[in-house]
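Values reported hereafter were calculated over all heavy atoms of this structure, with side chains retained and with hydrogens, waters and symmetry mates removed.
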Amino acid sequence: MFEGYHESLLAAVERAITEGPAMTEDEQADPDISLGAYLRWCARQPATPRDTVELWRSGEFRLDAPLEAR
């Protein structure tokens with residue numbers, strides 16, 4: 001950590017609370033950047049391994065490109 005780290009972190013958190021996230025809409029929707037987007041992405045994935053295999057066999061699920069919308 002650097003000098004002033006905690007002060008900078010506190011200021012950023014306070015700003016986020018009062019002004020909202022400092023991200024573009026695209027960034028807010030990106031599961032690699034936003035926790036909320038990641039949780040939404042996870043919720044769209046098959047619920048069980050069996051569901052995953054069934055969707056994969058039907059061609060609706062690719063391991064290299066998981067479900068984008070369900």
Side-chain angles (χ1 to χ4, degrees):
M1 285 191 234
F2 57 90
E3 188 173 331
Y5 169 81
H6 290 99
E7 293 80 4
S8 295
L9 177 60
L10 178 59
V13 169
E14 288 174 343
R15 188 171 47 254
I17 290 170
T18 59
E19 300 174 19
M23 293 186 273
T24 66
E25 287 185 26
D26 287 341
E27 290 171 332
Q28 290 178 38
D30 186 337
D32 291 330
I33 297 173
S34 165
L35 177 60
Y38 174 71
L39 295 175
R40 288 187 296 276
W41 178 85
C42 288
R44 291 191 305 264
Q45 303 312 305
T48 67
R50 181 173 298 216
D51 291 344
T52 302
V53 170
E54 288 175 8
L55 287 169
W56 175 67
R57 285 184 176 159
S58 72
E60 295 180 50
F61 184 89
R62 290 180 41 175
L63 298 176
D64 62 340
L67 300 175
E68 295 301 322
R70 282 193 70 176

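Annotation: side chain to side chain contact (heavy atoms under 4.5 Å, CB included) contacts of Arg50 (sequence neighbours excluded): Thr48, Glu54.
At distances below 3.5 Å, at least one donor-acceptor pair connects side-chain atoms of Gln45 with backbone N or O atoms of Trp41. Glu27 places a side-chain N or O within donor-acceptor distance of the main-chain N or O of Thr24, the cut-off being under 3.5 Å.
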Please tabulate, one pair per line, all N/O donor-acceptor pairs under 3.5 Å involving side-chain atoms of residues 12-19, not counting sequence neighbours.
{"unit_1": "Thr18", "atom_1": "OG1", "unit_2": "Glu14", "atom_2": "O", "d": "3.1"}
{"unit_1": "Thr18", "atom_1": "OG1", "unit_2": "Arg15", "atom_2": "O", "d": "3.3"}

Side-chain donor/acceptor pairs under 3.5 Å, residues 30-39, sequence neighbours excluded:
{"unit_1": "Asp30", "atom_1": "OD1", "unit_2": "Asp32", "atom_2": "N", "d": "2.7"}
{"unit_1": "Ser34", "atom_1": "OG", "unit_2": "Gln28", "atom_2": "O", "d": "3.3"}
{"unit_1": "Ser34", "atom_1": "OG", "unit_2": "Gly36", "atom_2": "N", "d": "3.4"}
{"unit_1": "Ser34", "atom_1": "OG", "unit_2": "Ala37", "atom_2": "N", "d": "3.3"}

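Annotation: ring pair (Phe, Tyr, Trp, His ring centres under 6.0 Å) contacts involving residues 4-35, sequence neighbours excluded, comprise Phe2-Tyr5.
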